[in-house]
Amino acid sequence: MSSTTPTAADLSQEIERIFALQQEHQWDVKASSAETRKAKLAKLKASIGAHADDIVAAVQEDTRKPEGEIRVTEVMNITANIQRNIDNLDEWMKPTEVTPSTNPEDKAKIVYEARGVCLILGPWNFPLGLTFGPLAAAVAAGNCCMVKLTDLCPATARIAKLIVEEVFEENEVALFEGDVSVAEALLEQPFNHIFFTGSTRVGKIVMAAAAKHLATVTLELGGKSPVIIDEGANVEAIGAALAGAKQFNGGQACICPDYVFVKEEQKGPLVEAFKANVEKNLIAEDGHFKKEAIAQVVNEGNFKRVKGMFDDAVAKGATVAVGGTFDEEDLTVHPTMLTDVTPQMTILQDEIFAPLLPVMTYDNLDQAIGYIEAHDKPLALYVFSPNEANVEKVLSRTSSGGVTVNGVFSHYLENNLPFGGVNQSGMGSYHGYFGFKAFSHERAVYMHMA
């Protein structure tokens, strides 16, 4: 009995075939007009809208996310992002005129040209949003793309492939399904640019592969994003914000608050505010926990990793101030706040990526700043403070991919700001114009007029 399952050799040949097609076609795509690119983006937007219900069903099958979250992150945000590219592409594509410093009679300009053939590798936490977002930027910039979604979301990958094949020819955009061996085979190709969203560990593998061909990279990674609660801040509002952040996608967001610094006298009110908002959001009137309102941990391996962090912290003296319930049968973790944590605990050493929130107390702002300075640069930093001088002190003494002051996630949601990490939390940035630039080479052109 013959098998229709492709072999590794078949897979490599298919990848090489499509890569060769895109290499040949890249020059036509690079030379395409803004109108042509906008038409492709409009077609992509329409296909996503037409398959919105299919996307919701696929993501729920893969992750058990609440439908409302899926429609916002995996449909509405993508289509809004595509429309933003359409609305601004004419302006973004205009060359930047430069007055020559040596001879003002000559002309000079910076031209934004496509990088060429790009690879986009997406994550599992927002499998479509964090793949089609970069894809829209790549198409706007005039690139060819090969795309791979994570194998942890096979249903989403299937609908993504259907959409891509409805919109694009394979010599311009092609999407691949399959396990990690597919990603490894893709990374063997000499891409011009690689855009990866995922863990720092895998980011190093991607960067090493890119180095073989001197491909440029955009790495959207993660890390431990700290929260500093300054004296005089509104702890009740902060507790609500942190509870909502840890509920969102089950705490599985790269910019999710990862640990908190709070003054000792504010700790009790913070715990109560966090607890009250968890109960408000997730506990029904009859007392049962509304599992349908929070995403499960993505798989058994990650569930055990998170439970191990929790057990290690409790064994070393942490106090379970809120939550602490783990339902292994359906991979559900209740939002949990731990106090009395210490740096020796695993939960303060590794990125959590789950609805657990460890809390440390501090005596003065320099103590909190010093701890952040001594650790890897995070993707996000959150400062809650009514004191502008203290906010500026934190900004001047720390480094992170982005910062939100007196709120959470806002620096990510504002598309007129670049989003990305620094060093261990990433390399390069995107969103809006910055996404167009990430997939563009700034080409210097000097013209002698005499």
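Please read these numbers as outputs of a predicted model, since none were measured by experiment.
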Tell me which one of D62, T63, T150 satisfies side-chain hydrogen bond (donor to acceptor under 3.5 Å, both in side chains) with T156. D62
Using every non-hydrogen atom in the two residues, find where I228 and A368 come nearest and quote the distance to one decimal. CD1-CB, 4.3 Å
Please round to the nearest 0.5 Å and tell me the distance separating atom CD1 of I120 and atom CG of L135. 5.0 Å
Electrostatic pair D366:K393 at N-O distance under 4.0 angstrom: yes
Are any of the side-chain nitrogens in E91 or K94 under 4.0 Å away from the carboxylate oxygens of its partner? yes
Can you name the one residue among N77, D87, V139, L44 that meets side-chain contact (heavy atoms from CB on, under 4.5 Å) with I82? L44
Using a cut-off of 6.0 Å, state whether more than 12 heavy atoms not belonging to K204 lie near its atom NZ. no
Name of the residue among L119, V206, T218 meeting side-chain contact (heavy atoms from CB on, under 4.5 Å) with F196: V206
Does either side chain, that of Q189 or that of H213, offer a donor lying less than 3.5 Å from an acceptor on the other one? no
Can you confirm whether the side chains of Q60 and K65 place a donor and an acceptor under 3.5 Å from each other? no
Would you check if the distance from the ring center of F434 to the ring center of W92 is below 6.0 Å? no
Approximate separation, where rounding is to 0.5 Å, of K377 NZ and S425 OG: 8.5 Å
Hey, mind stepping through S32 and R37 against side chain to side chain contact (heavy atoms under 4.5 Å, CB included) and telling me if it holds? CA-CA 7 Å; S32 62; R37 298 179 192 182; 3.1 Å; yes
Check the pair L357 / L338 against side chain to side chain contact (heavy atoms under 4.5 Å, CB included), numbers first and verdict last. CA-CA 6 Å; L357 188 61; L338 297 169; over 6 Å; no
Testing the 3.5 Å rule here: is there a donor-acceptor pair between the side chains of T200 and Q424? no
Pair Q22-N171, side chain to side chain donor-acceptor pair (under 3.5 Å): steps then yes or no: CA-CA 5 Å; Q22 293 197 1; N171 64 355; over 6 Å; no
If you draw a 6.0 Å radius around CD in E97, do more than 12 non-hydrogen atoms from other residues or ligands fall strictly inside? yes
Would you call M337 and V359 a side-chain contact if the rule is heavy atoms closer than 4.5 Å? yes
Residues E113, R443: salt bridge by 4.0 Å N-O rule: yes
Close aromatic pair by centroid cut-off 6.0 Å: Y362 and Y371: no
When you measure from the side chain of R115 to the backbone of A438, do you find a donor-acceptor pair of N or O atoms at a distance under 3.5 Å? yes
More than 12 heavy atoms of other residues, nucleotides or ligands under 6.0 Å from NZ of K275: yes or no? no
With distance as the sole criterion, is a donor-acceptor pair present between the side chains of N387 and D230 under 3.5 Å? no
Please determine whether a side-chain nitrogen of the Lys or Arg among E172 and K40 lies less than 4.0 Å from a carboxylate oxygen of the Asp or Glu. yes
Does this structure show an ion pair linking E392 with R397, if we count only N-O contacts that are shorter than 4.0 Å? no
Does A114 offer a backbone N or O that forms a donor-acceptor pair with the side chain of S440 under 3.5 Å? no
Between K38 and D90, does at least one N-O distance fall below 4.0 Å, as a salt bridge requires? yes
Under the side chain to side chain contact (heavy atoms under 4.5 Å, CB included) criterion, do M146 and L186 qualify, and how do the steps go? CA-CA 8 Å; M146 297 171 76; L186 285 165; 3.8 Å; yes
Should the pair F419 and Y430 be assigned to parallel (<30°), tilted (30 to 60°) or perpendicular (>60°) ring geometry? perpendicular
Kindly check if the number of other-residue, nucleotide or ligand heavy atoms within 6.0 Å of NZ (K107) is above 12? no
If you round to the nearest 0.5 Å, how far is OG of S181 from CG of D151? 8.5 Å
NZ of K30 to CG of D28, rounded to nearest 0.5 Å, is 11.0 Å
Is R158 salt-bridged to E61, cutoff N-O under 4.0 Å? yes
Yes or no on side chain to side chain donor-acceptor pair (under 3.5 Å) for E166 and H51, after CA distance, side-chain angles and deciding distance? CA-CA 11 Å; E166 281 186 356; H51 290 288; 2.9 Å; yes
Are H441 and Y112 an aromatic pair, judged by ring center distance below 6.0 Å? no
Charged N to carboxylate O below 4.0 Å: is that the case for D376 and K224? no
Show your reasoning for whether side chain to side chain contact (heavy atoms under 4.5 Å, CB included) applies to I194 and T216. CA-CA 6 Å; I194 300 175; T216 52; over 6 Å; no
All heavy atoms of L221 vs all of G203, minimum pair found to be CD2-CA, 4.0 Å
Around atom CD of E24, are there more than 12 heavy atoms of other residues, nucleotides or ligands at under 6.0 Å? no
Any chance the rings of H431 and Y412 have centres within less than 6.0 Å? yes
Quick one: do the N416 and E414 side chains pair a donor with an acceptor below 3.5 Å? yes
Considering all heavy atoms of both residues, which atom of Q252 and which atom of A295 are nearest to each other, and what is their separation? NE2-CB, 4.3 Å
Between H193 and F439, is the gap from one ring center to the other below 6.0 Å? yes
Test the K148-F176 pair against the cation-pi criterion, namely NZ or CZ under 6.0 angstrom from the six-membered ring centroid and within 45° of the ring axis. no
Near M207 CE, under 6.0 Å, is it more than 12 heavy atoms from other residues, nucleotides or ligands? no
Once you measure the plane-to-plane angle for F436 and Y433, does it fall in the parallel (<30°), tilted (30-60°) or perpendicular (>60°) bin? parallel
Can you see which heavy atom on P335 is nearest to which on V278, and at what distance? CB-CG2, 3.8 Å
Non-hydrogen side-chain atoms of V322 and T336 separated by less than 4.5 Å: no
R305 and E351: salt bridge (Lys or Arg N to Asp or Glu O under 4.0 Å), yes or no, with the steps? CA-CA 11 Å; R305 176 188 61 82; E351 186 175 8; over 6 Å; no
Would H334 and F289 count as a ring pair (Phe, Tyr, Trp, His ring centres under 6.0 Å) here? Give the steps. CA-CA 8 Å; H334 295 209; F289 185 82; 3.6 Å; yes
Only one of L331, V306, T332 passes side-chain contact (heavy atoms from CB on, under 4.5 Å) with F326, and that residue is V306
